[in-house]
Amino acid sequence: MERSFAGRRALVTGAGKGIGRDTAKALFASGAQVVAVSRTQEDLVSLAQECPGIETLCVDLGDWEATERALSTIGPVDLLVNNAGVALLQPFLEVTKEACDRSFDVNFRSVVQVSQMVAQGLIARGAPGAIVNVSSQASQRAVKDHAIYCSTKGAMDMLTKVMALELGPHKIRVNTVNPTVVMTAMGRANWSDAQKAESMLSRIPLGKFAEVEDVVNAILFLLSDQSAMTTGSALPVDGGYLVG
């Protein structure tokens with residue numbers, strides 16, 4: 001079934017590359033007005049050239065004050081995709097304060113801040129809305145050298161449940177998608193080693209990693225009215241990894 005987002009305004013963070021970029025493009029192609037947020041201006045320029053009509057906003061979401069200034073005049077938003085994230089991988093015994101702070105600032109705190117601003121706007125307008133937080137299978141399974149990343153995504157999953165509980169009475173739905181390794185440019189680079197890839201693939205019943213399109217389709221479903229009775233849920237896009 002074709003999904004139309006005509007008349008809706010969507011904000012996508014981490015929209016410069018990978019999942020966020022393709023989500024912004026898919027929403028735009030489905031009729032939404034799209035605001036694409038990234039901290040990399042060059043990515044936003046190329047996105048705007050590829051999809052004329054997409055609004056762009058360059059800000060580092062790890063900076064609370066800069067984000068407050070940048071989004072304060074963004075206007076009404078109906079749909080939000082919190083996709084921005086960093087993966088600073090360190091063995092647990094070598095985790096640094098800088099990596100811990102940066103990871104939680106971007107992967108968790110920015111979700112709180114941006115979602116608050118969007119939800120407050122929806123409530124003030126008396127409008128329904130949908131928020132999708134891009135989490136990971138790493139929120140539910142320990143992965144070597146991913147102590148902080150796993151923790152930020154676990155925190156995101158629980159935040160999503162509380163948001164769903166508190167925002168539901170305002171007709172705002174909140175869900176996560178929880179992908180396995182996704183074959184973005186970064187994913188291909190990080191999992192190009194056959195031995196490393198096999199250690200993960202051997203635990204995925206479908207025997208393959210996710211493509212970006214797989215995750216985008218799940219996000220669009222959760223944003224759409226086709227999931228009108230779904231909130232507080234975590235949707236695995238993991239080929240069955242979490243069933244074991």
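Nothing fancy with the numbering, it's 1 onward along the sequence.
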Give the intermediate values and the outcome of side-chain contact (heavy atoms from CB on, under 4.5 Å) for residues Lys25 and Leu47.
CA-CA 8 Å; Lys25 289 164 58 179; Leu47 176 60; 3.8 Å; yes

Decide side-chain contact (heavy atoms from CB on, under 4.5 Å) for Asn217 and Val237; before the verdict, give the C-alpha distance in whole Å, the side-chain angles of both, and the deciding distance to 0.1 Å.
CA-CA 10 Å; Asn217 285 338; Val237 186; over 6 Å; no

Verify side-chain contact (heavy atoms from CB on, under 4.5 Å) between Asn82 and Ser115, making sure each step is shown before the conclusion.
CA-CA 8 Å; Asn82 285 305; Ser115 298; 3.0 Å; yes

Walk me through it: do Asp157 and Gln140 pass the test side-chain contact (heavy atoms from CB on, under 4.5 Å)?
CA-CA 9 Å; Asp157 281 10; Gln140 301 178 46; 3.9 Å; yes

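Clustering ILVMFWY residues whenever any of their side-chain heavy atoms sit less than 4.5 angstrom apart, transitively, puts Val182 in the very cluster that holds Val132. Hydrophobic clustering, with ILVMFWY side chains joined whenever heavy atoms are under 4.5 angstrom apart, groups Leu80 together with Phe108. A continuous path of Ile, Leu, Val, Met, Phe, Trp and Tyr side chains, each step under 4.5 Å between heavy atoms, connects Ile172 with Ile74, placing both in one hydrophobic cluster.
Remark: side-chain polar atoms of Ser103 are not paired, donor with acceptor, to backbone N or O of Cys100 under 3.5 angstrom. The backbone N or O of Pro179 lies less than 3.5 Å from no partner atom in the side chain of Asp238, so there is not a single donor-acceptor pair. Panel note: side chain Asn175, backbone Thr230; a donor-acceptor pair is recorded below 3.5 Å. Side-chain N or O atoms of Gln41 include none that pairs as donor or acceptor with a backbone N or O of Cys58 at under 3.5 Å. Panel note: side chain Arg39, backbone Val59; no donor-acceptor pair is recorded below 3.5 Å. Side-chain N or O atoms of Gln137 include none that pairs as donor or acceptor with a backbone N or O of Leu242 at under 3.5 Å. Within the 3.5 Å criterion, the main-chain N or O of Val86 finds a donor-acceptor partner in the side chain of Asn107. Here the side chain of Asp60 pairs a donor or acceptor atom with the backbone of Gly62 at under 3.5 angstrom. A donor-acceptor pair under 3.5 Å is absent between the side-chain atoms of Thr152 and the main chain of Phe104, judged by distance alone. A donor-acceptor contact shorter than 3.5 Å is absent between the side chain of Arg173 and the backbone of Met229.
In summary, the side chains of Asn178 and Ser139 do present a donor paired with an acceptor at a separation below 3.5 Å, with no hydrogens or angles considered. With 3.5 Å as the limit, one finds no donor-acceptor pair spanning the side chains of Ser38 and Asp43. For the residue pair Ser46 and Arg21, a side-chain donor N or O sits within less than 3.5 Å of a side-chain acceptor on the partner. Side-chain contact check for Thr23 and Asn83: no donor-acceptor pair (N or O, by modelled atom type) lies under 3.5 Å.
Separation of atoms OG1 (Thr176) and CG (Leu235) is listed at 7.5 Å; rounding is to 0.5 Å. For the atom pair OG1 of Thr180 and CE of Met200, the computed distance is 5.5 Å after rounding to the nearest 0.5 Å. Annotation: the span from Ile123 atom CD1 to Leu167 atom CG amounts to 6.0 Å, rounded to 0.5 Å. Atoms CZ and CD, on Phe28 and Gln33 in that order, are 9.5 Å from each other to the nearest 0.5 Å. Rounded to the nearest 0.5 Å, atoms NE2 (His146) and CG (Leu88) are 10.5 Å apart. Atom-to-atom distance recorded for Phe92:CZ and Ile148:CD1 is 7.5 Å, nearest 0.5 angstrom.
Under the 4.5 Å side-chain criterion, counting only non-hydrogen atoms from C-beta, Met163 is in contact with Asn133. Between Leu223 and Arg8 the shortest side-chain heavy-atom distance does not fall below 4.5 Å. Considering only heavy atoms from C-beta on, Thr67 stays 4.5 Å or farther from Ser110 through its side chain. Asp22 places none of its side-chain heavy atoms less than 4.5 Å from the side chain of Thr184. Considering only heavy atoms from C-beta on, Val37 stays 4.5 Å or farther from Val114 through its side chain. When side chains are defined from C-beta on, Thr96 counts as touching Gln90, because their heavy atoms get closer than 4.5 Å. Taking the side chain as every heavy atom from C-beta outward, Ile19 and Ile219 approach each other to under 4.5 Å.
Taking all atoms of both residues into account, the shortest heavy-atom contact from Gly7 to Asp78 is O-OD2, 4.1 Å. The shortest heavy-atom contact between Leu220 and Ala26 is CD1-CB, 3.9 Å. Minimum heavy-atom separation, Val181 to Met183: CG1-CE, 3.6 Å. Looking at every heavy atom in both residues, Val35 comes nearest to Arg9 through CG2-NH2, 3.5 Å. Nearest heavy atom pair, residue Ile204 against residue Tyr241, reads CG1-CD1, 4.0 Å. Annotation for Gln226 and Phe221: closest pair O-CE1, 3.7 Å, computed over non-hydrogen atoms.
Under a 4.0 Å N-O distance rule, the pair Arg69/Asp63 does not qualify as a salt bridge.
Heavy-atom contacts from other residues, nucleotides or ligands closer than 6.0 Å to NZ of Lys208 number 12 or fewer. Shown here is Glu213, whose CD atom has no more than 12 heavy atoms of other residues, nucleotides or ligands within 6.0 Å.
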